[in-house]
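Written out below as structure tokens is the structure these notes cover.
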Amino acid sequence: MINIMKGTKDLLPQESYKWDFIEREIKEVARLFNLHKISTPTFEHTELFLRGVGDTTDIVNKEMYTFEDKGGRSVTLKPEGTAGVVRSYIENGLSQLPQPLKMYYETPVFRYERPQAGRLREHHQFGVEIYGADTPQQDVEVMMIARTLFHRLGVPAPELHINSIGCPTCRKAYNEALKAYFAAKQEELCPTCRERLEKNALRILDCKEEKCAAIAAGAPSVLDYLCEDCSKHHEGVKDLLEKAGIPYKVDDKIVRGLDYYTKTVFEFVVENIGAKSTVCGGGRYNNLVEQMGGKPCPAVGFGMGIERLVLTMQSVGASFGEVPSPDLFIANIGAADAAFLLTMQLREHGVNAECDTMARSLKAQMKLSDKLGAKYTVVLGETEIKDGSVKVKKMADGTEETVKINDLAKYFIEKKD
Ligand code: ATP
Ligand code: MG
């Protein structure tokens with residue numbers, strides 16, 4: 001017996017309707033906000049992520065699934081969704097399309113992390129990527145996409161935490177200030193943070209070690225270092241959130257785990273889901289397209305973890321919609337082929353019908369129908385075939401109605417409307 005790999009999960013047939021439900025709502029939100037789907041490969045040249053995600057991040061340093069393929073290329077399984085989209089945007093000349101270009105994706109994501117509740121080595125993300133617009137409106141629209149999805153999924157508005165991490169201009173001074181602050185407390189930092197101090201002090205703010213987090217809490221605030229442009233943008237985002245009646249908290253310690261962010265960063269935070277409570281994280285990355293070899297192009301987006309979304313929905317008792325079940329179960333007495341053919345015929349007409357294909361007794365067939373949750377049942381035997389009609393039994397109340405076999409499809413189609 002070979003077991004599943006640590007940190008990965010099967011999506012089982014009895015659970016998959018929950019994911020289907022979420023995907024349907026994602027599609028509906030995409031329709032409402034005019035987002036178009038983009039899918040990029042599961043693996044890319046390793047170089048893409050080194051450049052795109054940033055080589056001082058945990059993701060690149062510790063978490064990537066990187067291997068050599070049979071042609072000797074260094075390949076990496078995507079550790080986040082944005083880098084591939086940026087590559088595709090440049091490679092396919094998507095700047096030619098009307099801007100802002102509003103896209104979304106659903107993708108598996110691979111990170112070699114320490115597995116815990118809500119932290120997997122393969123997880124899935126719904127992500128939004130909007131290219132071309134640099135206004136506060138665009139940031140707020142992106143936040144509203146996430147909020148709308150939460151609302152439609154029955155998750156009471158999670159807390160929205162926002163920050164601005166400025167642009168390369170204002171971050172230079174901020175980095176100096178951070179370095180000075182942490183250098184004075186160097187001895188108390190974890191070994192990784194001591195390294196970060198050299199390479200990218202901003203990363204220390206994202207450390208999950210308790211000791212480092214406590215020190216980080218007293219660090220200088222990035223908001224005191226914003227340049228005029230970044231500051232105006234940040235005020236614009238807050239102002240529009242207020243006008244839209246969306247509650248938020250400014251948390252000047254949010255930096256996010258990726259190097260590409262500029263200006264706005266944000267998180268949606270929920271309670272009760274075990275190890276971690278950020279379901280959705282995002283922000284603006286105005287320099288990434290250029291950094292990856294394209295023409296300068298502002299961009300903003302987020303990634304939302306589907307597994308954490310499912311955990312959140314379960315913890316608040318949200319509904320995943322109806323558990324799928326057949327509309328009609330056609331049981332038979334000595335007429336298995338006739339029942340099978342009738343089932344097929346109804347399906348051709350768009351009726352969700354089911355029958356037994358395991359030569360069960362009538363009693364066992366009725367038990368199966370019950371387990372499947374069929375809404376109606378009929379029993380097909382010699383008499384019914386001769387009469388050309390069956391008794392349709394409504395399982396909810398046991399009432400019966402006689403219906404001509406030839407009219408069954410129509411009967412169920414009309415019921416549906
Ligand atoms: P965290 O701080 O929890 O490590 P992150 O900052 O690494 O999260 P992002 O890279 O922004 O997360 O990914 C976006 C979303 O994807 C997260 O908010 C979370 O819902 C989900 N996510 C990230 N890593 C994992 C994981 N290992 N397992 C499950 N979901 C994850
Ligand atoms: Mg992480």
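Whatever order the structure lists them in is the order used to number ligands and atoms, beginning at 1.
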**Study point:** Exam field: side chain Arg51 to backbone Gln291, donor-acceptor pair closer than 3.5 Å
**Key:** yes
**OP:** If the plane angle is over 60° it's perpendicular, under 30° parallel, otherwise tilted; pick one for Tyr174 and Tyr225.
**Re:** tilted
Notebook entry, point to check: What about Tyr131 and Tyr89, are their ring centers closer than 6.0 Å?
Noted result: yes
Flag, side chain of Asn200 to backbone of Arg196, donor-acceptor distance under 3.5 Å
no
In ligand 1, the atoms that come under 4.0 Å of a heavy atom of Arg119 are 1 (P), 3 (O), 4 (O), 26 (C), 27 (N), 28 (N)
Numbered in order shown, the ligand 1 atoms found under 4.0 Å of a heavy atom of Lys208 are 1 (P), 2 (O), 4 (O)
Query raised in the report: Can His233 and Glu235 be counted as having a side-chain donor-acceptor contact under 3.5 angstrom?
Result: no
Under 4.0 Å between heavy atoms, the region of Val279 that gets near ligand 1 turns out to be backbone
Atoms of ligand 1 under 4.0 Å from any heavy atom of Arg256, numbered from 1 in the order shown, are 6 (O), 9 (P), 11 (O), 12 (O)
If we number the atoms of ligand 1 from 1 as shown, the ones under 4.0 Å from a heavy atom of Gln125 are 13 (O), 14 (C), 15 (C), 16 (O)
Within 4.0 Å of some non-hydrogen atom of Gly303, the atoms of ligand 1 are 14 (C), 15 (C)
Note: ligand 1 atoms sitting under 4.0 Å from heavy atoms of Cys280 are 18 (O)
For Thr278, the ligand 1 atoms with a heavy-atom partner under 4.0 Å come out as 17 (C), 18 (O), 19 (C), 20 (O)
- prompt: Would you say Leu120 and Glu307 make side-chain contact, with heavy atoms under 4.5 Å?
  reply: yes
Q) Cation-pi between Arg121 and Phe110: NZ/CZ under 6.0 Å from ring centre and within 45° of the ring axis? A) no
If you compare Gly305, Gly81, Gly118 by their heavy atoms, the one closest to atom 29 (C) of ligand 1 turns out to be Gly118
Among Glu267, His123, Glu113, closest by heavy atom to atom 30 (N) of ligand 1 is His123
Checklist entry - Would Lys18 count as a cation-pi partner of Phe320, with NZ or CZ less than 6.0 Å from the six-membered ring centre and within 45° of the ring normal? => result yes
Going by the 4.0 angstrom heavy-atom rule, the piece of Glu80 near ligand 1 is neither
If you look only at distance, which donor and acceptor atoms sit under 3.5 Å apart when one is on a side chain in residues 367-375 and the other is two or more places apart or in another chain?
unit_1	atom_1	unit_2	atom_2	d
Lys375	NZ	Ser325	O	3.3
Lys375	NZ	Ser325	OG	3.0
Lys375	NZ	Asp327	OD1	3.3

Quick look: Arg111 vs ligand 1, heavy-atom contacts under 4.0 Å, and the answer is side chain
Note: Glu307, heavy atoms under 4.0 Å from ligand 1, region reported as neither
Practice prompt. Ignoring angles and geometry beyond distance, decide whether Leu120 reaches within less than 3.5 Å of ligand 1 through its nitrogen or oxygen atoms.
Written response: yes
